[in-house]
Amino acid sequence: MQNLLHNLNQEQLAAVTLPAQSALILAGAGSGKTRVLTTRIAWLIQTGQVSPAGVLAVTFTNKASKEMMTRLSAMLPINTRGMWIGTFHGLCNRLLRAHYRDAGLPQTFQILDSQDQLSAIKRLLKSMNVDDEKYPPRNLMYFINGAKDQGLRANDVEANDDYNRKFVELYDLYDQQCQREGVVDFAELLLRTYELLSRNQPLREHYQARFQHILVDEFQDTNDLQYKWLKLMAGQRGAVFAVGDDDQSIYAFRGANVGNMSAFEREFRVENLIKLEQNYRSHGHILDSANTLIANNSKRLGKNLRTDAGHGEPVRIYEATSDLQEAQWIVEETKSLINDGASRSEIAVLYRSNAQSRVIEHALVASGIPYRVYGGQRYFERAEVKHAIAYLQLMDNPHNDSAFLRVVNFPARGIGARSLEQLQDAAKQYGISLYAAVPYVAGKAGATLGSFLKLIEGGRFETQHLPLPEMVQVVLDLSGLLKHYQTEKEGADRIENLEQLVNAATLFVSEEGFGIDAPALLGPKAQAVSGAAITTADGIEIFDADAPLATVMSPLSAFLSHASLEAGNNQAQAGEEALQLMTVHSAKGLEFDAVFITGLEEGLFPHENSQKEDAGVEEERRLMYVAITRAKKRLYMSFSQTRMLHGQTRYNMRSRFFDELPEEALKWLSPKVQQHSWFANPKSAWDEAPEKAANSISKNFGKRDIGWRIGENVAHQKFGEGVIVNIEGSGGNARAHINFGRHGMKLLDLSVAKLEKVA
DNA sequence: CGATACAAGCTTTTT
DNA sequence: GCTTGTATCG
């Protein structure tokens, strides 16, 4: 016990040892949040207040839940694998597998990832003859997910016009299609579980009694449904220990509701609100910058980070003439950091949007600095892996039409659009899956389809008693996927990825505790061995969704869930010591010795799409706050006068966030005010497109007489500072397009407008 | 049925 | 500027 609690500061200790009531922990960046969470669990168990089985710990990412289990294993001499620690989705999957009948799902229900969901929606629109120009599939997906994230079914959604009524109707049809195919999307996992527990009192009471302590990580990221889910799980007695930071709420765009924090405080009658404000990560100037910036937000629970480390170095700010030059500068600074002994993996380059990485990557390649970009394609999302998975899905649940369509003619086996049209007609006519409709197709098409059906059924028969990895290997061969890629020129990588799937299966089997006998648990027997059956007073039999997973689902079903729920690492290039490139969003939760925040320009960061709503800019500011607080020792910020975006050169003003930082913590590397001539940069115009450059230069020379230049900084009485983006006309008729940042783009008559030069 | 051409789109993202 | 998705040709 002494061991467990020593090294905690006052605030942390207070949080860890709170009584068994709901509590809210406001944990600032770098304040030891995960430590408090895991120590709390360990302390509860060690002091005998709860058994490991009485703890439910919920996170958002697999990474976070793994981290929690690892740390907990180090603190306690127990097997954490059996504990209920996981993501919202992972835990719901487990519950639904155990109670699939009550939840109204087939035992082998499968999980759609976002890709699958979108294609399912496209398929629905097509079969319903809906104009996908008028009702874009993507919008329908947002609509459906948005509704589900609020806990709303189609008939709960209010629609006030025909357009929305159509969306609601399609939402309903989409749900029907999923039900027919035995598939659920991510939001459905949560909603189904929520509905299951709302509806089924004995089941609800069972879990409510079981989980006396519920701990939630990153609480600020919960959406409405997750909040309701927690409320339901906790019941009247459960103690919810919520850890979060309202200043780091950056996922409102996908349904996260920071308001859940204050709602929680109220509705869970929180008596203990503890703030963790001691920061162990960043030096003073960096922290001051973060604090000063975030103070500009209005809706905050209120928190100020402090550090014992001194001021440290000032925040370095650099103004580049072009995005190209900004990248160049990053390379130079990185080189000198490495020269001074910095480790490449301890340096991060952050940007607001992915498109910005290209210029930087270019410069890095040219200079030979190894780097790693986060956010690329993930293992289970690769086309060839998805194909292999689709074969496995069909063997486990043949009614999954998405899987069927993905591989029915891949590798090519002569089943074209015409055959499929016949098949789809038959399926629609009888209201059955494509797989089930195959016997209804006559002629040659029917025969070819029939042989595909035999392929799947043969595969299932052949592999039914094999351990999972061997099953995967057989499917790779039988499907013809390996052969297909062998004949393809660039198939080597794909074959390697496919072979990797066998390894992934092996690893999965050993990690999740599916022993060699696991296939014996397939089918209805699975429940009989769980040994956790409960009979309630009303005689309802309940099987507790207890670990190991092997007791509630077959290895194949489990592996397929795993593939959907954990798409795998998204690090592009693994291996050596490399510079870290990522969006600010993906940097959340990470820390680095040195951090570059790049592209700090009005329109980019804060992003233009966010500027319409007030709440939008506040979220951008929180995003900036997250970015700043990633840095331990050194922080750079940069912006550029010109930037290529969507194939066009844009002239941006520096971000408003610079005006919200404490001047005394900053050091401007380039003069704060500089001549804004793009002639000054020999690379920008001349080298790239000689013709274009000549044009704009002659244009510019032509405008000399008006006294204004493209790219020049100006000030307007009403609109404030802006940049001249373009000049049209000449002499007394000259008009200028001026980007006033937060006031937008204006077209002003130069002979009339009262403009001042900003030196 | 497969390969190639052109148009449209384009913040952030985990599960 | 580049990627993605569909339309058309062979």
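Every chain is numbered from 1, with letters handed out A, B, ... down the list of sequences. For clarity, every value in this text was computed on a predicted model and none was experimentally measured.
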Participant: Just checking D221(A): base, sugar-phosphate only, or nothing, at a heavy-atom cut-off of under 4.0 Å?
Facilitator: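 If one applies the 4.0 Å heavy-atom cut-off, D221(A) turns out to touch nothing in the nucleic acid.
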Participant: In terms of side-chain heavy atoms of E620(A), which of dC2(C), dT15(B), dT11(B) is nearest?
Facilitator: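 Nucleotide nearest to E620(A)'s side chain: dT11(B).
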Participant: Answer yes if the side chains of E181(A) and Q179(A) hold a donor-acceptor pair under 3.5 Å, and no otherwise.
Facilitator: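 Checked: E181(A)/Q179(A) side chains show no N/O donor-acceptor pair below 3.5 Å.
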Participant: Taking the side chain of R254(A) as its heavy atoms from C-beta onward, which of dT11(B), dG1(C), dT13(B) lies nearest to it?
Facilitator: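 Nearest to the side-chain atoms of R254(A), counting from C-beta on, is dT13(B).
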Participant: Rounded to the nearest 0.5 Å, what's the gap from CZ on R650(A) to CD on E608(A)? Could you check?
Facilitator: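 Reported value, rounded in 0.5 Å steps: 4.5 Å.
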Participant: Without decimals, in angstroms, what is the distance between E361(A) CD and dC2(C) P?
Facilitator: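 Interatomic distance, CD of E361(A) to P of dC2(C): 13 Å.
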Participant: With heavy atoms under 4.0 Å as the rule, sort D185(A) into base, sugar-phosphate or nothing.
Facilitator: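 Contact class for D185(A): none.
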Participant: For R153(A), does the CZ atom sit with more than 12 other heavy atoms under 6.0 Å from it, leaving out its own atoms?
Facilitator: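 Above 12, so yes.
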Participant: On DNA chain B, does the nearest nucleotide to I250(A) precede the nearest nucleotide to G414(A) from the 5' side, or the other way round? Give the residue.
Facilitator: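 Looking at the nearest nucleotide for each, G414(A) comes out on the 5' side.
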Participant: Is the aromatic ring centre of F253(A) closer than 5.5 Å to the centre of the six-membered base ring of dT12(B), with the two planes inclined by less than 30°?
Facilitator: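 According to the criterion (under 5.5 Å, under 30°), yes, F253(A) stacks.
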Participant: OP1 or OP2 of dT15(B) less than 4.0 angstrom from a side-chain nitrogen or oxygen of R378(A), does that happen here?
Facilitator: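 Yes, within the criterion.
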Participant: For the pair made of CG in L565(A) and P in dT15(B), what is the distance, rounded to whole Å?
Facilitator: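 Roughly 9 Å, once rounded to whole Å.
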Participant: Grab the CG-P distance between L590(A) and dT14(B) for me, whole Å please.
Facilitator: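 Nearest whole value for this atom pair: 11 Å.
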Participant: Distance check, rounded to the nearest 0.5 Å: Y194(A) atom OH versus L232(A) atom CG?
Facilitator: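 That separation rounds to 5.5 Å.
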Participant: Are OP1 or OP2 of dG2(B) and a side-chain N or O of N409(A) less than 4.0 angstrom apart?
Facilitator: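 The answer is yes; a side-chain N or O of N409(A) sits under 4.0 Å from OP1 or OP2.
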Participant: Is N62(A) near enough to dT14(B) that one of its side-chain N or O atoms lies under 4.0 angstrom from OP1 or OP2?
Facilitator: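 No, N62(A) has no side-chain N/O under 4.0 Å of OP1/OP2 on dT14(B).
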Participant: Looking just at side-chain N and O atoms, do R352(A) and T583(A) make a donor-acceptor pair shorter than 3.5 Å?
Facilitator: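 Short answer, no.
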Participant: Expressed in angstrom and rounded to an integer, what is the separation of H646(A) atom NE2 from dG9(B) atom P?
Facilitator: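 After rounding, the gap between these two atoms is 12 Å.
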Participant: Please give, in whole Å, the distance from dT3(C) P to N354(A) CG?
Facilitator: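 From N354(A) CG to dT3(C) P: 13 Å.
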Participant: Check whether any side-chain N or O of T583(A) sits under 4.0 Å from OP1 or OP2 of dT13(B), and answer yes or no.
Facilitator: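 True: T583(A) side-chain N/O within range (under 4.0 Å) of dT13(B) OP1/OP2.
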Participant: How is D113(A) classified with respect to the nucleic acid when contacts are heavy atoms under 4.0 Å: base, sugar-phosphate, or nothing?
Facilitator: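 Counting heavy atoms under 4.0 Å across all strands, no contact is made by D113(A).
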Participant: Just call it for L91(A): base, sugar-phosphate, or nothing, with non-hydrogen atoms closer than 4.0 Å on any strand.
Facilitator: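 Nothing: the residue L91(A), judged by heavy atoms under 4.0 Å, touches no strand.
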Participant: Over how many whole Å does the gap from E381(A) atom CD to dT4(C) atom P extend?
Facilitator: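 Interatomic distance, CD of E381(A) to P of dT4(C): 12 Å.
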Participant: Return the value, rounded to whole Å, for the distance between atom CG of D131(A) and atom P of dT6(C).
Facilitator: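 That distance rounds to 13 Å.
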Participant: Taking the inter-plane angle between the rings of Y171(A) and F143(A) on a 0 to 90° scale, is it parallel (under 30°), tilted (30 to 60°) or perpendicular (over 60°)?
Facilitator: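 Answer is perpendicular, since the angle exceeds 60°.
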Participant: Determine whether any donor atom in the side chain of S586(A) lies under 3.5 Å from an acceptor atom in the base of dT12(B), or the reverse, and answer yes or no.
Facilitator: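 Per atom types, no contact qualifies.
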Participant: Heavy-atom distance under 4.5 Å between the side chains of E188(A) and L112(A), does that happen here?
Facilitator: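 A side-chain contact under 4.5 Å is absent here.
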Participant: Tell me the interatomic distance from M141(A), atom CE, to dT13(B), atom P, rounded to whole angstroms.
Facilitator: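 Value for this atom pair: 14 Å.
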Participant: Categorize A417(A) for me: base, sugar-phosphate, or nothing, with a 4.0 angstrom heavy-atom threshold over every strand shown.
Facilitator: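 Sugar-phosphate contact only - A417(A) comes under 4.0 Å of backbone atoms but never of a base.
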Participant: Could you tell me whether Q117(A) contacts a base, only the sugar-phosphate backbone, or nothing, with contacts defined as non-hydrogen atoms closer than 4.0 Å?
Facilitator: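 Contact class for Q117(A): none.
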Participant: Hey, is H585(A) doing a stacking thing with dT12(B), by the 5.5 Å centroid and 30° angle criteria?
Facilitator: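 So H585(A) does not count as stacking on the base.
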Participant: Under 4.0 Å, counting only non-hydrogen atoms across every strand here, what does F88(A) touch: a base, just sugar-phosphate, or nothing?
Facilitator: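 No contact.
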Participant: Syn or anti for dT12(B), please, going by whether the chi angle lies within 90° of 0.
Facilitator: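 dT12(B): anti glycosidic orientation.
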Participant: Quote, to the nearest angstrom, the C1' distance that separates dT3(C) from dT14(B).
Facilitator: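 Result for the C1' pair: 23 Å, nearest Å.
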Participant: Please tell me which of F186(A) and R138(A) maps to the more 5' nucleotide of DNA chain B, matching each residue to the nucleotide holding its nearest heavy atom.
Facilitator: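 The answer here is R138(A).
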Participant: dT15(B), dT11(B), dC2(C): which one has an atom nearest the side-chain heavy atoms of S610(A)?
Facilitator: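 Of the options given, the side chain of S610(A) lies nearest dT11(B).
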